[in-house]
Amino acid sequence: MKIYQRHTWPTTVDEAIKIQEQLQPEVITEDNLKQPLQYVAGVDMGFEEDGAISRAAVAVLSFPDLQLQETSIARRPTTFPYIPGFLSFREIPAVLDALEKIQTTPDIILCDGQGIAHPRRFGIACHLGLIIDIPTIGVAKSLLIGKHDDLPETRGSWQPLIHKGDTVGAVLRTRTGVKPVYVSSGHRVSLLTAIDCVLRCTTKYRLPETTRFADKLASSKD
DNA sequence: GCGACAG
DNA sequence: ATCTTGTCGC
């Protein structure tokens, strides 16, 4: 797919904050996606050479049967350090390289990390969604910001994630008796639709099949 | 000023 | 994210 950059990549945190604050108002947290969904994708990152090289992987699956449709991998030098709140500046450049090689344009992308459940409401899922103008959802394995009540052990149960008085996402149990995941709107997807999509992409494991496939590609040294 | 802190 | 074996529990 063809990608149009929205900005150049910053070197400093101050610059990065300006970009986040400038683009945040463009994030859409209401549904604006093709339905029924036909293709869902997952993206994930891996690192080589002690972190000097970033490796991005994309896996496109058919929906709702979740069969692998297409994959791509891209490598490039790592240019931004990992700083909580600025993950997108470290990972997105390589992700865009991998997405450019994809022939099957996904109807939605599940990202590894937060959407609007972020200090400035601009996590990696929002940033990626805005740049490529494709619906995105943030699915994180751990909490960045916000608080929530305890939730039942049953798969499918969830609780709102609250930050400074706003509902910024949800803590979702994707598997009975297993630690929950943190779901939030990325771009062009509402929270309820995001929760439904994550559940439908999750079968026998805690994480969505999309990110599991992307994870295998990003980790296997080949 | 003191912690917390996606991957 | 990454370094790494066995091990506890359903």
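Here is how names work: the chains are called A, B, and so on, in the same order as the sequence lines, proteins then strands, and each is numbered from 1. Small disclaimer: the values here were computed from a predicted structure and weren't measured.
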- Query: How many Å lie between NE2 on H118(A) and P on dG7(B), as a whole number?
  - Reply: 13 Å
- Item | Cationic tip of R212(A) above Y205(A) ring, under 6.0 Å, 45° of axis | yes
- Aromatic centroids of H118(A) and H127(A) separated by under 6.0 Å: no
- Euclidean distance, atom CG of residue L143(A) to atom P of dG7(B) [Å, nearest integer]: 10 Å
- Message: In whole Å, I'd like the distance from the NZ atom of K147(A) to the P atom of dC5(B).
- Response: 13 Å
- Using a cut-off of 6.0 Å, state whether more than 12 heavy atoms not belonging to K18(A) lie near its atom NZ. no
- Message: For the residue pair R75(A) and F47(A), would you count it as a cation-pi contact if the rule is NZ or CZ under 6.0 angstrom from the ring centre and within 45 degrees of the ring axis?
- Response: no
- Task: Check whether any side-chain N or O of S142(A) sits under 4.0 Å from OP1 or OP2 of dC5(B), and answer yes or no.
- Result: no
- Query: Whole Å only: how far is the OH atom of Y182(A) from the C1' atom of dA6(B)?
  - Reply: 11 Å
- Message: What contact category does F80(A) fall into here, base, sugar-phosphate, or nothing, at under 4.0 angstrom with non-hydrogen atoms?
- Response: nothing
- Task: Measure from CG on L128(A) to P on dG7(B) and round the result to the nearest Å.
- Result: 16 Å
- Touch class at under 4.0 angstrom, heavy-atom based, for G85(A) against every strand present: base
- Query: Within this structure, what is the CZ-to-C1' distance between F122(A) and dC5(B), rounded to whole angstrom?
  - Reply: 19 Å
- Query: What's the CG-P distance between D44(A) and dT2(C), to the nearest Å?
  - Reply: 8 Å
- How many Å lie between CG on L144(A) and P on dG3(B), as a whole number? 19 Å
- Message: With a cut-off of less than 4.0 Å, is there a side-chain N or O of K141(A) near OP1 or OP2 of dA6(B)?
- Response: no
- Task: Would you say whether Y82(A) stacks on dA1(C)? The test is a distance between ring centres of less than 5.5 Å and an angle between planes of less than 30°.
- Result: no
